[in-house]
Amino acid sequence: MAAPAQARAAGPIRILVLREHGVGSPSLVQPYLDHFVALAAERNGWADAQGRYFTRRDDAEAFIGAEKPDFGIFSLGAFLALRAEYRLEVVGQVAVTLAGGHQYYLISRRASGLPDCKGQTLASDHVEDRRFVERVVAHGAFTLADFTLVPTQRPLQTTKKVLSDEAVCGLVDDAQLADLSHLQGSQGVRTVWQSPELPPMVVAAFPEASAAERRRFRESLATLCQGDGESACGEVGIVSLRPARSSEYAGLVAAYGKP
């Protein structure tokens, strides 16, 4: 292994993880994130590093304002929404088990296709970011105004609304769809529309990270989960981790547009 880079002199490196609609409370996930951040610190020569895990965008933004983190790992929708305001630069891409957000589906027991869902009730815990749903997920196939919305707060609530016929259709992601078959009464519920596949979570740098830190962290991503790092990455559910550039997300940024 190459010798670690020279440690940063001023304060700890702070890494924020915003995994919207994630499974598990922040208090349960935090110890595993601490292990992963310690690995990243060792590999990058950081004297000190701290990580914080969030599942809500507003909580993450409060942390950003107070702590000024250096790097963040974001669900795709959160990255697109926060990119311009916080001047985020893509440095990598990470796929995490059960994170969801890789693909979205309309499910229903009564509808046979997207036209049958339009004008009907639609349950979902994904509709708080209308721009992301309409411009990136649906990519023009529908707008939320096409439905009578039944907003839910948790992933399981969405599927239960469809199972109980409280909603004709439900908008779910790949993690929710995978869980559907394990729920009692799910027989007859089927996919009636699906989105294009979307990239996994984004690793991004905040303005607080220097150019040298960005370069060093980006380069380390390719090997971070290899060797003695495999167990730490496995604990947080990382399937793949690689360097990436902002140009890879240009099409999605353009589709999302300015807030």
Side-chain angles (χ1 to χ4, degrees), residues 4-20 22 24-79 81-83 85-97 99 101 199-226 228-246 249:
Q6 184 177 359
R8 184 189 189 194
I13 294 287
R14 292 182 172 87
I15 301 176
L16 155 80
V17 177
L18 174 53
R19 184 177 169 185
E20 293 185 305
S25 68
S27 61
L28 292 175
V29 175
Q30 189 64 48
Y32 301 106
L33 175 60
D34 291 341
H35 193 186
F36 173 76
V37 170
L39 168 68
E42 177 186 349
R43 295 288 181 88
N44 285 275
W46 300 332
D48 189 14
Q50 300 171 359
R52 284 290 302 275
Y53 176 85
F54 299 95
T55 59
R56 291 174 51 90
R57 197 176 297 182
D58 53 352
D59 292 336
E61 288 198 81
F63 177 81
I64 294 169
E67 301 295 336
K68 303 294 188 293
D70 301 87
F71 298 101
I73 301 176
F74 298 91
S75 301
L76 179 62
F79 166 73
L82 303 178
R83 180 194 62 84
E85 180 176 358
Y86 296 105
R87 293 182 290 156
L88 300 174
E89 178 192 352
V90 175
V91 296
Q93 185 180 97
V94 55
V96 181
T97 57
M201 296 181 73
V202 181
V203 184
F206 286 89
E208 282 69 23
S210 69
E213 286 163 354
R214 295 172 192 228
R215 182 175 63 255
R216 190 158 54 237
F217 190 39
R218 177 185 279 119
E219 291 172 352
S220 77
L221 294 179
T223 58
L224 193 59
C225 293
Q226 297 178 4
D228 58 355
E230 185 176 356
S231 62
C233 290
E235 286 178 349
V236 291
I238 293 177
V239 176
S240 66
L241 179 63
R242 69 169 181 85
R245 299 281 180 179
S246 294
Y249 291 85

Look up atom [atom1] in [X] and atom [atom2] in [Y], then write down how far apart they are to the nearest 0.5 Å.
| X | Y | atom1 | atom2 | value |
| --- | --- | --- | --- | --- |
| E42 | L224 | CD | CG | 9.5 Å |
| Y86 | K68 | OH | NZ | 9.0 Å |
| Y53 | D34 | OH | CG | 13.0 Å |
| R215 | S220 | CZ | OG | 12.5 Å |

Would a distance-only check, ignoring hydrogens and angles, find a side-chain to backbone donor-acceptor pair under 3.5 Å from [X] to [Y]?
| X | Y | result |
| --- | --- | --- |
| T223 | Q226 | no |
| R218 | G92 | no |
| R19 | M201 | no |
| Q30 | G51 | yes |
| R214 | F206 | yes |
| S75 | E20 | yes |

So do the side chains of [X] and [Y] get within less than 4.5 Å of each other, counting heavy atoms only?
| X | Y | value |
| --- | --- | --- |
| F79 | L18 | no |
| F36 | V17 | no |
| L82 | R57 | yes |
| I64 | P69 | yes |
| L88 | F74 | yes |
| L33 | I15 | no |
| F71 | E213 | yes |

query: So does R14 pair up with E67, basic N to acidic O under 4.0 Å?
result: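 Salt bridge: yes.
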- prompt: Who passes side chain to side chain contact (heavy atoms under 4.5 Å, CB included) against S246, sequence neighbours left out?
  reply: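 Per chain and number, S246 pairs via side chain to side chain contact (heavy atoms under 4.5 Å, CB included) with E89, V90.
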field: With D59 via salt bridge (charged side-chain N to carboxylate O under 4.0 Å, His left out) - residues at least two apart
entry: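 Result, salt bridge (charged side-chain N to carboxylate O under 4.0 Å, His left out) vs D59: R56.
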task: Could you please spell out the steps behind the side chain to side chain contact (heavy atoms under 4.5 Å, CB included) verdict for E208 and D70?
output: CA-CA 5 Å; E208 282 69 23; D70 301 87; 3.9 Å; yes
task: Provide the closest heavy-atom pair for P200 versus A95 in the form atom of the first, atom of the second, distance.
output: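 Taking P200 first and A95 second, the nearest heavy atoms are CB-CA, 3.8 Å.
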For the student: nearest non-hydrogen atoms of G229 and R43, plus distance: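 Nearest heavy atoms, G229 then R43: N-NH2, 3.4 Å.
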task: Assign the ring pair F63 / F54 to parallel, tilted or perpendicular, where the plane angle (0 to 90°) is split at 30° and 60°.
output: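 Tilted, since the angle between the ring planes falls between 30° and 60°.
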